[in-house]
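Here's the structure, in structure tokens; my notes come after.
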Amino acid sequence: MSKSSRWDSTENESKHLPIYRHKAKLVQAVEGSTFLVVTGETGSGKTTQLPQYLHQAGMCRNGKIGITQPRRVAAITVAQRVAQEMQCTLGREVGYQVRFDDCTSQDTVVKYMTDGCLLREILADPVLSQYSVVILDEVHERSLNTDILLGLLKKMFSDPAKSTKGRSFPLKVVVMSATLETDKLSAFLGGCPVFAIPGRTFPVTCTFGTAVGPKDVESTGYVKEVVRMALDVHTSELAGDILVFLTGQSEIERACDLLFEKAESIDYRYDVQDQTVEGLLILPLYGSMPTDQQRQIFQPPPSRIRKCVVATNIAATSLTINGIKYIIDSGFVKQLNHNSRVGMDILEVVPISKSEAEQRAGRAGRTSAGKCFRIYTKEFWEKSMPEYTVPEIQRTSLTAVVLTLKCLGVHDVIRFPYLDCPEERFLLEALKQLYQFDAIDRRGKVTQLGELMVEFPLQPGLTRAVLKGSSLGCQDLLLPLAAMLSVENIFIRPGNPEKQKEADKKHRALATKSGGMNDFATLLSVFQLCKSSDRPSAWCKDNWIHWRALKSAFSVETQLREILLRLQQKRDFPVETFDGNKSELFRRCLCTGYFTNVARRSVGKVFCTMDGNGSMVNIHPSSSLFDQEADLNWVIFHDVLVTSRVYIRTVCPIRYEWVKDLLPKLHEVDVYELSSVARQEVTDEEMIKWETREAAKRQPEVSTEDIVKKLEKRNNETSVSDARARYLQRKQQRQQSKAL
DNA sequence: TCAGTGCTG
């Protein structure tokens, strides 16, 4: 195809997009106001067209147009598409930037990027002086980084002196979202105009089931029901592919086995109404699946065969499968939620929100009208499913976010303009952790260490261990380890029991090879063994290791190494010496980052955490320390898993002396003391007033009594009441001594 | 006594 004909075809295509008729008015709207909310369903063309319109209107004269996406693939594929439409080489006028992949140049004026990338840019250039327009896309997904960007951009303009300082031309901000909650967005941005673009999707009829009601939230009986319904659709509905939503790998494998078993016994001569369907092709789909296997999903099925994809939430936003006409929705999802009791993020199965259910249904209406079968009852919909998914910022650990904000000069992180405020205790917990890691001081100011820490794309504790390693000259141990701990799980554990045994055996052998008794050392050893192997991918396959995860660990390690080198050139790093063996050196470094995760043997095999909560935890059976008796009184651990019990995973033994001096820091401050640092002072009345205000925003009918009850319950749950009592007692003592 | 939804710098 010649260049001009390709241009013609894409240009013609883009003229048929719903957005095209609004071109002039849209450009006018962007020019006419600082903030603009643009709404439109999938298929309206806003992501690809709006930047081009603004470019044509000459809005790149002074600076770039930056468009953020919550996901890497989206940023890359959209940039490719737009470069093609604008007839330019990708990386010149149109480019993209994601982690590990910067495809931009001096000429780039339309830049697609992940929201995390723009946040990094703000750290280096707080007024975004290179941009004339910033477009936040997919805001309705409410990703953590997008939410932070929203607040930062709002804040930039609430202080005019600051927003223009360092800028020679005005900045325009466009916020793009699906039609949900646009009034809220507009109100948040000072009542800015809203521009609505009609979408281009097909109707999807939804039906409710009879099997899963509000009482079944805890059970996993829905797998069977999902299978039954998929077969029902297969034997009674016209041609068209099926997409089933479940929560995780093991469920998907189970469902596929069941489906396969049942589909085999269908007599297609009599049972299937539409005689053009004569078979069922069952395809699992989840994130940790090998990429080439994932690709099979996109191939059209053989003629007369119906495709049935059984997927996790990956199929809700990240991947689009053509030809889907039927959705089977289990109504559940796995979600990472912050748990105050263990002070960590924990993965759990929860009911999806109504808006999420609608998004799942919408996957059936992309090319023609579709049907969505929900296995849960109308009652479940009404009683157990929330209206909207709780945004990430209200669900996850905020430690890294708070450090980023502090480094951006946002001292009062509680009064930062959040679209939805995180719970105050989550913010206080983050402050407490940063204080414990010496990233901020008692007054909440970022320390020199904190300024170094913010540069690393790692959890703060891990960064601290890396920095300790660097000052002790053993970064070659800590950098690979940090990389291994920040990529997805690397150990493959298949569903088939035979193969499971084989995999477990290989993994145990790897642990023994690294000296045993230390799961951190095993990870390091896997990294080193694979890296030095002649055929790393074959090595992985042989040892039941995810090659893709290891490859990304290699890239992360390189990136971390570069950051460390850059910082070492810029600043003076402390140099320490240590005489002792390598294993002790390694573990001592780990202790500086994991002293918040110390546990001590309590009774039998049960350990007790030292973080003030004193939770009882067990060593997970996958650990090389499971079943080890000797000399195991103190351990540190990387993460917590809550299933039948509370398990700690990735564990290694330490000596009490190594953390003795660090542990007091865990009890030095309590959240209430920190809250008086973060804001002026908090009294009971204020706390109740504040809670009432927050609750009123969400649910107007909630009374103050409810809040008091809720506070009491929460205090009991998190043993905050004890901390508060201690704090009040100390405060009283201070006042008394002052009076004397 | 037993397990890793999905993103991201």
Side-chain angles (χ1 to χ4, degrees), chain A residues 68-75 97-102 113-124 138 141-149 245-253 285-289 311-319 330 332-337 345-350 352 356 389 392 395-396 400-401 403-404 407 453-459 463 485-495 497 500-501 503-504 507 546 549 552 555-556 559-560 562-563 604-606 618-623 626-627 638-645 647-650:
Chain A
T68 68
Q69 296 288 323
R71 280 174 302 279
R72 292 164 57 94
V73 259
Q97 189 186 351
V98 298
R99 189 182 184 187
F100 306 129
D101 193 359
D102 183 358
M113 64 194 124
T114 49
D115 47 13
C117 271
L118 189 64
L119 199 54
R120 285 283 116 181
E121 279 189 45
I122 289 195
L123 266 171
E138 311 281 13
E141 287 189 24
R142 304 298 307 275
S143 85
L144 183 59
N145 288 334
T146 296
D147 268 17
I148 295 296
L149 284 170
F245 280 105
L246 284 172
T247 72
Q249 177 181 345
S250 62
E251 253 174 45
I252 286 170
E253 277 168 3
L285 172 65
Y286 45 85
S288 59
M289 235 167 65
T312 59
N313 234 20
I314 194 170
T317 49
S318 306
L319 296 175
S330 67
F332 291 97
V333 71
K334 264 189 191 166
Q335 200 175 64
L336 202 62
N337 289 324
D345 293 346
I346 287 172
L347 199 61
E348 32 186 20
V349 174
V350 294
I352 58 172
E356 220 171 336
T389 306
E392 209 181 347
R395 285 197 332 247
T396 49
V401 169
L403 183 60
T404 308
C407 285
M453 277 165 64
V454 82
E455 299 287 331
F456 288 87
L458 293 173
Q459 301 164 11
T463 311
L485 288 171
S486 47
V487 301
E488 56 191 308
N489 172 50
I490 58 152
F491 297 107
I492 299 173
R493 194 156 196 263
Q500 212 171 74
K501 267 186 198 161
D504 289 350
H507 295 160
H546 279 294
S552 64
S555 326
V556 173
Q559 189 193 27
L560 296 177
E562 282 165 7
I563 294 170
K605 285 183 173 180
V606 181
N618 302 269
I619 293 179
H620 193 271
S622 66
S623 169
F626 183 74
D627 266 350
H638 173 69
D639 64 345
V640 172
L641 180 78
V642 182
T643 49
S644 55
R645 291 180 172 184
Y647 288 105
I648 52 176
R649 260 190 324 190
T650 318

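To find a chain, count down the sequence lines: A is the first, B the second, and so on, and within it residues start at 1.
- Note that the OG1 atom of A:Thr247 and the CD1 atom of A:Ile352 stand 11.5 Å from one another [nearest 0.5 Å].
- Of all nucleotides listed (B:dT1, B:dT8, B:dG9), B:dT1 comes nearest to the side chain of A:Pro621.
- Comparing B:dT8, B:dT1, B:dA3 against the side chain of A:His620 picks out B:dA3 as the nearest.
- Here the C1' atom of nucleotide B:dG6 and the CD atom of A:Gln249 are 14 Å apart, to the nearest Å.
- Under 4.0 angstrom from either OP1 or OP2 of B:dT1 there lies at least one side-chain N or O belonging to A:Arg645.
- The shortest side-chain heavy-atom distance between A:Val349 and A:Lys334 falls under the 4.5 Å cut-off.
- Checked by atom type, the side-chain pair A:Tyr286/A:Glu251 shows no donor-acceptor distance below 3.5 Å.
- One can place NE2 of A:His638 at 18 Å from P of B:dA3, the figure rounded to the nearest angstrom.
- Counting heavy atoms from C-beta on, the side chains of A:Val606 and A:Asn618 come closer than 4.5 Å.
- Residue A:Leu347 is classed as a base contact, given a heavy-atom separation below 4.0 Å to a base.
- Every residue two or more places apart in sequence or in another chain was checked for a side chain to side chain donor-acceptor pair (under 3.5 Å) with A:Thr396, and none qualifies.
- Of the listed nucleotides (B:dA3, B:dT1, B:dG9), B:dG9 has the atom at the smallest distance from the side chain of A:Val98.
- In this structure, A:Glu488 places its CD atom 19 Å from P of B:dA3, rounding to the nearest Å.
- Contact annotation for A:Leu458: base contact, defined as any heavy-atom pair under 4.0 Å involving a base atom.
- In this structure, A:Thr404 does not reach the B:dG9 phosphate: none of its side-chain N or O atoms is under 4.0 Å from OP1 or OP2.
- The side chain of A:Tyr647 contributes no N or O atom lying less than 4.0 Å from OP1 or OP2 of B:dA3.
- Considering only side-chain N and O atoms, A:Arg649 lies nowhere under 4.0 angstrom from the phosphate OP1 or OP2 of B:dC2.
- Atom CD1 in A:Ile314 sits about 10 Å away from atom C1' in B:dC7, given to the nearest Å.
- Considering only side-chain N and O atoms, A:Ser622 lies nowhere under 4.0 angstrom from the phosphate OP1 or OP2 of B:dA3.
- If you check every strand for non-hydrogen atoms under 4.0 Å, A:Arg120 touches a base.
- Between A:Phe456 and A:Asn313, the residue anchored closer to the 5' end of DNA chain B is A:Asn313, taking for each the nucleotide with the nearest heavy atom.
- Considering only residues two or more places apart in sequence or on other chains, A:Pro494 meets the side-chain contact (heavy atoms from CB on, under 4.5 Å) condition with A:Ile492, A:Lys499, A:Ala503, A:Trp544.
- Rounding to whole angstrom units, NZ of residue A:Lys605 and P of B:dT1 are separated by 8 Å.
- Atom P of nucleotide B:dC7 and atom CG of A:Leu118 are separated by 21 Å, given to the nearest angstrom.
- Computed from coordinates, the A:Asp102 CG to B:dG9 P distance equals 12 Å when rounded to whole Å.
- Across all strands shown, A:Leu336 has heavy atoms under 4.0 Å from base atoms, whether or not it also approaches the sugar-phosphate.
- The distance from atom CD of A:Glu251 to atom P of B:dA3 is 13 Å, rounded to the nearest whole Å.
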